[in-house]
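Hydrogens, waters and symmetry mates are skipped; everything else that's a heavy atom, side chains included, is used. The structure presented is a predicted model; accordingly, all values stated were derived computationally and were not measured.
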Amino acid sequence: MTQATNQSWGGRFSEPTDAFVAAFTASIPFDKRLYHHDIRGSIAHATMLARVGVLTDDERDLIVDGLNAIETEIERGDIEWSIALEDIHMNIEARLTDKIGITGKKLHTGRSRNDQIATDIRLYLRDEIDAVAAELSRLRSGLIELADREADTIMPGFTHLQTAQPVTFGHHLLAWQEMLTRDHERLLDCRKRVNVLPLGAAALAGTTYPIDRHVTAELLGFERPSENSLDTVSDRDFAIEFTAFASILLMHLSRMSEEMVLWASAQFDFVDLPDRFCTGSSIMPQKKNPDVPELVRGKTGRVYGHLMSLLTLMKSQPLAYNKDNQEDKEPLFDTLDTVKGCLRAFADMAPALVAKPDNMLEAARRGFSTATDLADYLVRAGVAFRDAHEIVGKAVAYGIEQGKDLSEMSLDELKRFSDVIGGDVFEVLTLEGSVAARNHIGGTAPDQVRAAAQRARDALATLQERRHVA
């Protein structure tokens, strides 16, 4: 074995690896962020090996102390990462052997880098999922409280970006919150499948050493060991699933961003975004650009790309592990970084939105938003719905011609379209009456919005308490 050949596998080779190939195949530039989880996994592995008698207690203690010391060195920035050693595993193992001698070479007994990296990524992703869940909780909580405060603030509801029916700003914010609730549930469901121990599958067929995988699982907080060694070392479903969750989440944040951008424009002027989330123009002094929601909207495509990358990476791989799988980390890492950044920005920004109730109310008065209420009024008076629909359509056409909203027409004008219309019609033509009439679960009535906010608050608290206990 030549000095230039990797010490973990060089015995088979008669010449050193080409320098370019060594750099091309190395993963240490990006997998070094796994150092903490690699060390945690190694400590658990050494502890288990001592428990089953493969290592002595003294050897275990020497290895554990050495690994803890290496983690301190890494956090101080005292480690110089080596491309020649390829990855985080061999860099740490080589440093351990330098520190404690031949005992360091015993650490890898009964495992492979195949099950080691699968374990590292799952440990890392599990911790990152918990961080993402915390930010999701913070965002949801902020939206719930803002929705509660804005339960009476009337605004136009849209379909096709055309005025449809009046709603409240609180109701709209709770629609955002419902999207995030589903995202939160998807995330925690994903975590269950992440929380399975790969270590012990070794290269692909398990190991002949008398290991106890249940001990290792318990030490690392995994729910259980994996069932099949072939699948274990080659499975990256959990990374794909997380990235799929992230893609749906970013799609939701992008939709919210689009509405924020529209609402903050001079043409809508429904909300004010705090200055700290905006920037100005280098040439137009009047500009206040909603850069944060715009950038979140833009980052959505980045995460979609990572999902496609991971799906494509895995689509034609035979069992078991292949070098292709080294390409799983950068898309996953960047997805995590992007999601955490976007959620942090939103959790700070969304609850700080300042509504402009007068502008929202005036916009709701335009576009005949109570037309459906008039049709419902006619139906309750005995008119068939399709006939009522036609009657109101004619009334709207008249209003467009005259420049009048339905609520601005006189009773005589309205009766031109149906003689069943009486003086009580104006009760349903007001925006306040329209919103209040939808007084059922999921409806726009302010009391229903407040009740929905409380249910959402309670559900979030229960979820957080359950996660804390777990």
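Residues Thr300 and Leu253 are not in side-chain contact: their nearest non-hydrogen atoms beyond the backbone lie 4.5 Å or more apart. Residues Arg455 and Ile441 form a side-chain contact, since some pair of their non-hydrogen atoms from C-beta on lies under 4.5 Å apart. Within the 4.5 Å cutoff, the side chain of Tyr209 has no heavy atoms near those of the Val52 side chain. Within the 4.5 Å cutoff, the side chain of Val132 has heavy atoms near those of the Leu343 side chain.
Under the 4.0 Å criterion applied to side-chain N and carboxylate O atoms, Lys329 and Asp31 are not assigned as salt-bridge partners. Ion pairing between Arg457 and Asp148 holds under the 4.0 Å rule for side-chain N and carboxylate O. Classification of Glu185 and Arg182 as a salt-bridged pair fails, no side-chain N sitting under 4.0 Å from a carboxylate O.
No hydrogens or angles considered: nothing links the side chains of Arg60 and Thr47 as a donor-acceptor pair under 3.5 Å. Checked by atom type, the side-chain pair Arg140/His184 shows a donor-acceptor distance below 3.5 Å. Asn325 and Gln317 share a donor-acceptor pair across their side chains, judged by distance under 3.5 Å alone. Between His36 and Asp127, the side chains place no donor N or O within less than 3.5 Å of an acceptor N or O (distance only, hydrogens not considered). A donor-acceptor pair shorter than 3.5 Å can be found between the side chains of Gln177 and Thr181. Side chain to side chain, Thr335 and Arg302 fail the donor-acceptor criterion of an N or O pair below 3.5 Å. Under 3.5 Å, the side chains of Gln454 and Asp458 contain a donor-acceptor pair of N or O atoms.
Here the side chain of Ser234 pairs no donor or acceptor atom with the backbone of Tyr321 at under 3.5 angstrom. Using modelled atom types, one side-chain atom of Arg213 and one backbone atom of Leu199 make a donor-acceptor pair closer than 3.5 Å. Lys299 contributes no side-chain N or O that, together with a main-chain N or O of Glu294, makes up a donor-acceptor pair within less than 3.5 Å. Side-chain N or O atoms of Ser265 include one that pairs as donor or acceptor with a backbone N or O of Leu262 at under 3.5 Å. Side-chain atoms of Ser254 do not come within 3.5 Å of backbone N or O of Leu250 as any donor-acceptor pair. Using modelled atom types, no side-chain atom of Asp115 and backbone atom of Val233 make a donor-acceptor pair closer than 3.5 Å. Judged by distance alone, with hydrogens and angles left aside, the side-chain atoms of Ser42 form a donor-acceptor pair with the main-chain N or O of Asp38 at under 3.5 Å.
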Let me see the working for Thr216 and Asp212 under side chain to side chain contact (heavy atoms under 4.5 Å, CB included), right down to the final yes or no. CA-CA 7 Å; Thr216 312; Asp212 189 334; over 6 Å; no

Evaluate the criterion side chain to side chain contact (heavy atoms under 4.5 Å, CB included) for residue pair Ile43 and Asn68; output intermediate values, then yes/no. CA-CA 9 Å; Ile43 288 174; Asn68 284 327; 3.5 Å; yes

Output, in order, the C-alpha distance, side-chain angles, deciding distance and verdict of salt bridge (Lys or Arg N to Asp or Glu O under 4.0 Å) for Glu86 and Arg113. CA-CA 11 Å; Glu86 295 187 30; Arg113 285 188 295 174; 3.3 Å; yes

Please evaluate residues Glu73 and Lys99 with respect to the criterion salt bridge (Lys or Arg N to Asp or Glu O under 4.0 Å), reporting the C-alpha separation (whole Å), side-chain torsions for both, the decisive distance (0.1 Å), and the verdict. CA-CA 12 Å; Glu73 290 176 353; Lys99 289 180 73 69; 3.2 Å; yes

Does Glu128 form a side chain to side chain contact (heavy atoms under 4.5 Å, CB included) with Lys340? I'd like the steps, not just the answer. CA-CA 9 Å; Glu128 293 292 285; Lys340 289 193 295 181; 2.5 Å; yes

Checking side chain to side chain contact (heavy atoms under 4.5 Å, CB included) for the pair Cys278/Asp291: CA distance, chi angles, key distance, verdict? CA-CA 5 Å; Cys278 302; Asp291 278 13; over 6 Å; no

Output a table of donor-acceptor pairs, distance under 3.5 Å, between side-chain atoms of residues 303-310 and any protein atom two or more places apart or on a different chain; print 'none' if there are none.
from: His306; atom 1: NE2; to: Asp334; atom 2: OD2; distance (Å): 2.7

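A cation-pi geometry, defined here as NZ or CZ lying under 6.0 Å from the six-membered ring centre and within 45° of its normal, holds between Arg126 and Phe222. A cation-pi contact, defined as under 6.0 Å to the ring centre and within 45° of the axis, is absent between Arg33 and Tyr124. Both tests pass for Arg122 against the ring of Phe238: distance under 6.0 Å to the centre and angle within 45° of the axis.
A distance of 6.0 Å or more separates the ring centres of Phe270 and Phe169. Taking the six-membered ring for Trp, His171 and Trp176 have ring centres at least 6.0 Å apart.
Checking Glu150, Arg149, Met155 one by one against Thr153, the side chain to side chain contact (heavy atoms under 4.5 Å, CB included) holds for a single residue, Glu150.
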